[in-house]
Amino acid sequence: MLNVLLSADFMKIFVPSIIAITVAFFSHRSAVTRQLNEQRRQERVKYLVSAFRSLMMASNNPNLSEAALSFRDASIGIQFLGTADQAEMMRAAIHKIVNKGDVNLDPLLSSLREDLRAELKLGPLHGTPVYWTHPNLTPSQFHQ
């Protein structure tokens with residue numbers, strides 16, 4: 001039996017087979033890891049885009065109940081999937097709203113926008129985000 005295992009014919013088949021199986025295993029493992037990382041990235045982008053939209057809706061919105069809901073939704077997304085700096089800016093914004101009733105969200109919005117644009121491989125935009133919230137404006141007033 002030992003002679004068969006040590007024979008040249010057996011080694012010609014066994015060694016390449018082991019190499020092929022090992023390469024296939026690590027290739028599959030690498031592909032699965034890449035796919036999981038891409039899915040995580042897509043979920044993070046989706047949450048942060050939603051948080052960015054919600055924060056924009058909360059900013060300068062005269063409808064306080066709508067602004068509060070939007071701010072809450074943005075807070076959840078940012079604290080869950082934002083960077084450490086963004087989560088800290090969100091915590092500070094919540095603290096300021098609770099204690100002072102007002103907060104400047106421009107730094108947080110800019111950070112989110114920069115992060116998302118980098119993640120999506122888009123070029124940077126300069127300046128602060130522009131928000132425009134006029135829920136009482138009708139579509140016919142746009143064309144005047």
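Hydrogens, waters and symmetry mates play no part in the numbers below; they use all other heavy atoms, side chains included. Computed from a predicted structure; not experimentally measured.
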Open item on the list: How long is the straight-line distance from OG of Ser111 back to CD of Glu88, given to the nearest 0.5 Å?
Closed with: 12.0 Å
- [ ] Enter the distance from Gln35:CD to Asn37:CG here, rounded to the nearest 0.5 Å.
- [x] 10.5 Å
Open item on the list: Hydrophobic cluster membership, with links at side-chain heavy-atom distances under 4.5 Å among I/L/V/M/F/W/Y: are Met56 and Leu69 in one?
Closed with: no
Task: CE on Met90 to NE2 on His95, rounded to 0.5 Å - done: 13.5 Å
Hey, can you pull the donor-acceptor pairs under 3.5 Å for the side chains in residues 114-123, sequence neighbours left out?
residue: Asp115; atom: OD2; partner: Arg44; partner atom: NH1; Å: 3.4
residue: Asp115; atom: OD2; partner: Arg44; partner atom: NH2; Å: 2.8
residue: Arg117; atom: NE; partner: Gly123; partner atom: O; Å: 2.6
residue: Arg117; atom: NH2; partner: Gly123; partner atom: O; Å: 2.8

- [ ] Return yes if a side-chain donor-acceptor contact under 3.5 Å exists between Glu66 and Ser70, otherwise no.
- [x] no
Task: Check: Arg34/Ser30 side-chain N/O donor and acceptor closer than 3.5 Å - done: yes
Open item on the list: Using the rule that Ile, Leu, Val, Met, Phe, Trp and Tyr join whenever any side-chain heavy atoms are under 4.5 Å apart, tell me whether Ile76 and Val98 fall into a single cluster.
Closed with: no
Task: Verdict with supporting geometry, Ser75 and Ile94, side-chain contact (heavy atoms from CB on, under 4.5 Å) - done: CA-CA 8 Å; Ser75 173; Ile94 292 168; 3.3 Å; yes
- [ ] Look at the side-chain heavy atoms of Ile, Leu, Val, Met, Phe, Trp and Tyr, link any pair under 4.5 Å apart, and say whether Ile97 and Leu108 land in one connected group.
- [x] yes
Open item on the list: Quick check: is Leu64 connected to Met57 through a chain of hydrophobic side chains (ILVMFWY, heavy atoms under 4.5 Å apart)?
Closed with: no
Task: Exercise: identify the closest heavy-atom pair between Phe71 and Ala58 - done: N-CB, 3.7 Å
Open item on the list: Please check this pair: side chain of Ser50 against backbone of Lys46, looking for a donor-acceptor N/O pair closer than 3.5 Å.
Closed with: no
Open item on the list: Show the nearest heavy-atom pair for residues Pro107 and Asn104, with the distance to one decimal.
Closed with: CD-O, 3.7 Å
TODO: Would you check if there is a donor-acceptor pair between the side chains of Gln39 and Glu43 at a distance under 3.5 Å?
DONE: no
Task: Test side chain to side chain contact (heavy atoms under 4.5 Å, CB included) applied to Leu112 and Thr83, Val49, Leu55, the passing residue - done: Leu55
Open item on the list: So Arg113 and Leu109, do their side chains get closer than 4.5 Å, heavy atoms only?
Closed with: no
Open item on the list: Looking at every heavy atom in both Ala51 and Ile78, which two are closest together, and how far apart are they?
Closed with: CB-CG1, 3.8 Å
Open item on the list: Which heavy atom of Leu105 sits nearest to which heavy atom of Ser59, and what is that distance?
Closed with: CD1-OG, 3.3 Å
